Each structure stands twice: as C-alpha cells, then as structure tokens.
Chemist: 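Quick one: the structure is below, and I'll ask about it shortly.
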2 protein chains.
Amino acid sequence: MSNVVHSKVTHLYESGETGGKREAILNAALELFTERGFHGTAMPLVAELAGVGAGTIYRYFASKEALVNVLYQYWNEFQLVTITRDVPCDIPLRDQFHIYWQRLVDFAKDYPTAFAFLELHYHAPYLDEKSRAIEERGHNALVGFFEECLRQKIAREASAEILASIVWGAYVGLVRASRNGRFEITPEVIEQSENSCWDAIRR
Amino acid sequence: MSNVVHSKVTHLYESGETGGKREAILNAALELFTERGFHGTAMPLVAELAGVGAGTIYRYFASKEALVNVLYQYWNEFQLVTITRDVPCDIPLRDQFHIYWQRLVDFAKDYPTAFAFLELHYHAPYLDEKSRAIEERGHNALVGFFEECLRQKIAREASAEILASIVWGAYVGLVRASRNGRFEITPEVIEQSENSCWDAIRR
DNA sequence: GGTAGAAGAATGAACGTTCATTCCGCGCCT
DNA sequence: AGGCGCGGAATGAACGTTCATTCTTCTACC
C-alpha cells in the first residue's frame, strides 16, 4: 500500500537490517498516527498496514508510547539537520534566510506526512523527556537565528521569541493550507512567502 | 475546579436552563479534549469533571462525537462573530486590520482553552459536515478581507489564500508560543506583531 | 552438498483492562 | 403519590499487550 514511501525512506531509519520490519512498522505508524492521531490509532491496525503480526511490533518497541517517541525523535532530529546543515554563516542574514526558507518548504514537500506528524504531536502529553529535548533544540536554533538578526540590527525591535513564533507560524500555516488543497506550492509561492516573512521581521 | 470558567461562559451556551448541567458538561469536555485530545479523553472523566453522572451526558448529547461537534461548532461560530462583528467597512483596510488583529489576540486571551481547542481539532476526521461548513465560513471571511486588500492594490501580489494562510499562521504561532510560556502577550507585543503581519502582506 | 538440529524471529489468538454507552432504581419536586 | 431527571453500576466491544506456538534461518557434521 505505502510501499513507495517505504522504499523511499527505509535507509533513513537506523537499523541492523532485520528484514525491514522495523522500518515497515515505523512507516505505518507515521502514516496512521498522522491521519488518525495517537489515541485514535489501534496497534493491530499499525501491524496490518506494516504487514507484520501484532506481536512483532513489541519485538522492536517496548510500547505504543515508545513507538511514537522514536518516531517523533527521529523525524524532529532529521528535520533539524536537514534544514540547518551546512548553512554558511559568513553571508548576509537575508541570504541565510533565503536558504532556510527554501529548505523548510522543501522538507514539507519531500516529507509531507512527517511534517504533519511533527505538527500534530507538537507538545503532546505522551512525549517523553528526550522528545522534549530535541523539540527544544529546534526551537533554540530558530530563535538563535533571529537573535543574530537583532544583534546585527537587521530585524525590527521585538524579542527573538516573537519573531520566531511569527515566522514559524506563517510557515506552518502556509504548508497546512497547501496540504488542505488551498493552493499549490510553486516556486513563485515560495518566493512570495519568503519575501512576506522577511518583511515581517526586517527593520 | 474550573468553576471560574463555568461562571464566565455559562450564559454563552444556548440552553433551556436545566440546572446548568449541559453547560458543565460542555465546559468539562472543552477542557479535557483540549488537554488530552478527543480519543485520549474518557467520557466518565468528562462526567467527573462536570460533576454529573456518566449517563447524564447522554441525556444532552447523542454521543461523544456529537459532543465534540457541538463544542466545535459553538466555539467556531462564537470566534467568528466575536472577531468580525461590527467592523466598519468604510475605514482604510489598514485600520480594519488593526481592529481584527486586536480582536484575534483578545479572543485568544479571553478564551485560551477554546482557542487551543479549535486549533487542536481543526480538520479532525470526526468533525461532521456542519462543523466543516462553519470552518469554511471562517476561512472565507479571512480570505475575503485579503481579496479586498488585493482589489484596492494595498496587498502585495500574491493570492488571497496565501496571504490568509501566512497571517493566520503567524497569529496561531504567536498565541501558541505565549501559551507555552515563551513570552507574555503585552500591548507592546500586540502592536509589534500587528505591524509584522501587516508588513508581511502589504505592497 | 545435504541433512539434523538448534536458535531466534514472527505470529495471532487470548488476556486483562478500559472504553463508550445503556439501564434501572433512587430521590426530588410538585 | 406520582413522575421526571439523575447517578453510577453494568455491559459488551475494543484496546494494548502477552505468550505459547510455528516458521525461518543458520550451523555443524557426515
């Protein structure tokens, strides 16, 4: 059913190559948790979509909560690395922002389910300490950028936390609307929204 | 427990004054659905927080789904009316935006739980047609404003849908961050964010 | 190279628990 | 005294999880 997704991101999950069952479970859980929510998804359903027995899941994950936390940590970490890696810090902040925005939109385009999953489970009560920690790391990276904008007097006078929440919120709003079929995210839309967001925070 | 909230919004729910049980159930459900999610909230727990018997809920609501839909419709409608009512259309759009932004922030401040509830259940699969319809009405109202901005050549060249998703996203991001304790929403913050968002969409 | 046997991975029926919902006896108001 | 609204124990379905069993894979020895 979701074999395309499987083959696409299989290599991404750390694994000792046990026949791909762990990956199949993770991909099935990602899909179902995203569409139906954590409490709305029954474990046997995950097993069915993954093409494994119900008991098999518990050979790889201690519990349903452990499963959702592994998913959350994996994708949050992956998102953070994908967006922030190798961004030159010796170019103007406006140009850095261009790179970041492009990568944000690309991530949502390349991994739409993962993006929706992360959004849906943001700050969920069943996330453990490790999930919260990586959540916090991402937030700090975002805020850090705007602090640098403030230091260089490029951003308007507002706390970095506020600028971060506005830009991140706009990003989420944009992707969510496109996911709901409001519009397609074309290169033109990416450029327009990037300029919008930059104008929202620049001095 | 949440008596303050009860006494505050009791009058808002349409009711034939049955002793306030319907309102108590609605308020308890609002609180619990918001904090634990729809599937994560057990009906007996709702009954306990509402201070009624478990069976009593079913005297007022046909099912758990009916309950969440009544809540969603009520608060979405209330939000829409609160934000859009009596806004003069003969003043500059920039001034209209000022009013809208103030009301949006006020709504989130006055009804933080309702705001979080609406955000959490946006586009949830268990929402019925009527809930979707009022969801759509709100969206159209928002988009309509930006269409007028485009007509008057005040907004930058981008589709109204895109401008709407960015501004609404920024609003949600701002409120969510303050809800997570990142900052307080002071009059200064409201003004800064309003200017931010206007600059994001203006020509 | 082929076969026997061990080891561990996978299974899905079964378990105890918890859920949404029902139902019936109690108590309050007239 | 009667009737209506209420509470909370009862109910059956569905949940997350377990475990006895089967299936697969790999090794060792002839």
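Naming: A, B, ... by sequence-line order, numbering from 1 per chain. These figures come from a predicted structure and were not determined experimentally.
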Chemist: Between Y60(A) and K21(A), is there a cation-pi geometry (under 6.0 Å to ring centre, at most 45° from the normal)?
Modeler: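 The answer is no, since K21(A) fails at least one limit relative to Y60(A).
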
Chemist: For the aromatic rings, using the six-membered ring if either is Trp, is the centroid distance between F107(B) and Y171(B) under 6.0 Å?
Modeler: no

Chemist: Answer yes if the ring centres of Y111(B) and F78(B) are under 6.0 angstrom apart, and no otherwise.
Modeler: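 They qualify: ring centres under 6.0 Å apart.
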
Chemist: Report the distance from atom NE2 of H39(A) to atom P of dA20(C), rounded to the nearest whole Å.
Modeler: 11 Å

Chemist: Holding to ring pair (Phe, Tyr, Trp, His ring centres under 6.0 Å), I want the full list of residues that pass it with H39(B), two or more places apart in sequence or in another chain.
Modeler: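 Once residues adjacent in sequence are excluded, the partners of H39(B) under the ring pair (Phe, Tyr, Trp, His ring centres under 6.0 Å) criterion are Y126(B).
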
Chemist: Checking side-chain polar atoms at under 3.5 Å, does Y72(A) have a donor or acceptor matched by the opposite partner on E135(A)?
Modeler: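 On atom types as modelled, these side chains qualify, holding a pair under 3.5 Å.
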
Chemist: Quick one: F61(B) CZ to dC6(D) P, roughly how many Å, whole number?
Modeler: 13 Å

Chemist: Could you tell me whether the phosphate oxygens of dC6(D), OP1 or OP2, come under 4.0 Å of any side-chain nitrogen or oxygen in Y60(B)?
Modeler: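 Result: yes.
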
Chemist: Are a donor atom and an acceptor atom from the side chains of E161(B) and H139(B) found within less than 3.5 Å of each other?
Modeler: yes

Chemist: K64(B) side chain: which of dC6(D), dA13(C), dA20(C) is closest?
Modeler: dA20(C)

Chemist: Quick check on contacts: within residues 120-128 of chain B, what sits under 4.0 Å from DNA chain C by heavy-atom distance?
Modeler: none

Chemist: Measure from the side-chain heavy atoms of R59(A) and tell me the nearest of dA9(C), dG16(D), dC6(D).
Modeler: dA9(C)

Chemist: Given dT21(C), dG16(D), dA10(C), which nucleotide is nearest the side-chain atoms of T56(A)?
Modeler: dA10(C)

Chemist: Calculate the interatomic distance between L45(B) atom CG and dG8(D) atom P; express it in whole Å.
Modeler: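 Result: 15 Å.
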
Chemist: When the distance from CD of E48(A) to P of dG16(D) is rounded to whole Å, what number comes out?
Modeler: 14 Å

Chemist: Looking at the side chain of A42(A), which of dC6(D), dG12(C), dC15(D) is the nearest nucleotide?
Modeler: dC15(D)

Chemist: Tell me: CD1 of I57(B) to P of dA20(C), nearest whole Å?
Modeler: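 One finds 9 Å between P of dA20(C) and CD1 of I57(B), rounded.
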
Chemist: What residue among I185(B), V175(B), L104(B), L174(B) forms side-chain contact (heavy atoms from CB on, under 4.5 Å) with S193(B)?
Modeler: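 Among I185(B), V175(B), L104(B), L174(B), the one meeting side-chain contact (heavy atoms from CB on, under 4.5 Å) with S193(B) is L174(B).
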
Chemist: Rounded to whole Å, please give me the gap between CZ in F38(B) and P in dA20(C).
Modeler: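 Going from CZ in F38(B) over to P in dA20(C) covers 8 Å.
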
Chemist: Rounding to an integer number of Å, can you tell me how far Y58(B) OH sits from dC24(C) P?
Modeler: 18 Å

Chemist: Once you round it to whole Å, what is the distance between C1' of dG8(D) and CE of M43(B)?
Modeler: 15 Å

Chemist: Considering only side-chain heavy atoms of K21(A), which listed nucleotide, dA13(C), dG7(D), dT11(C), is closest?
Modeler: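 Looking only at heavy atoms from C-beta outward on K21(A), the closest nucleotide is dT11(C).
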
Chemist: Among dG7(D), dA10(C), dT17(D), which is the nearest nucleotide to the side chain of S63(A)?
Modeler: dT17(D)

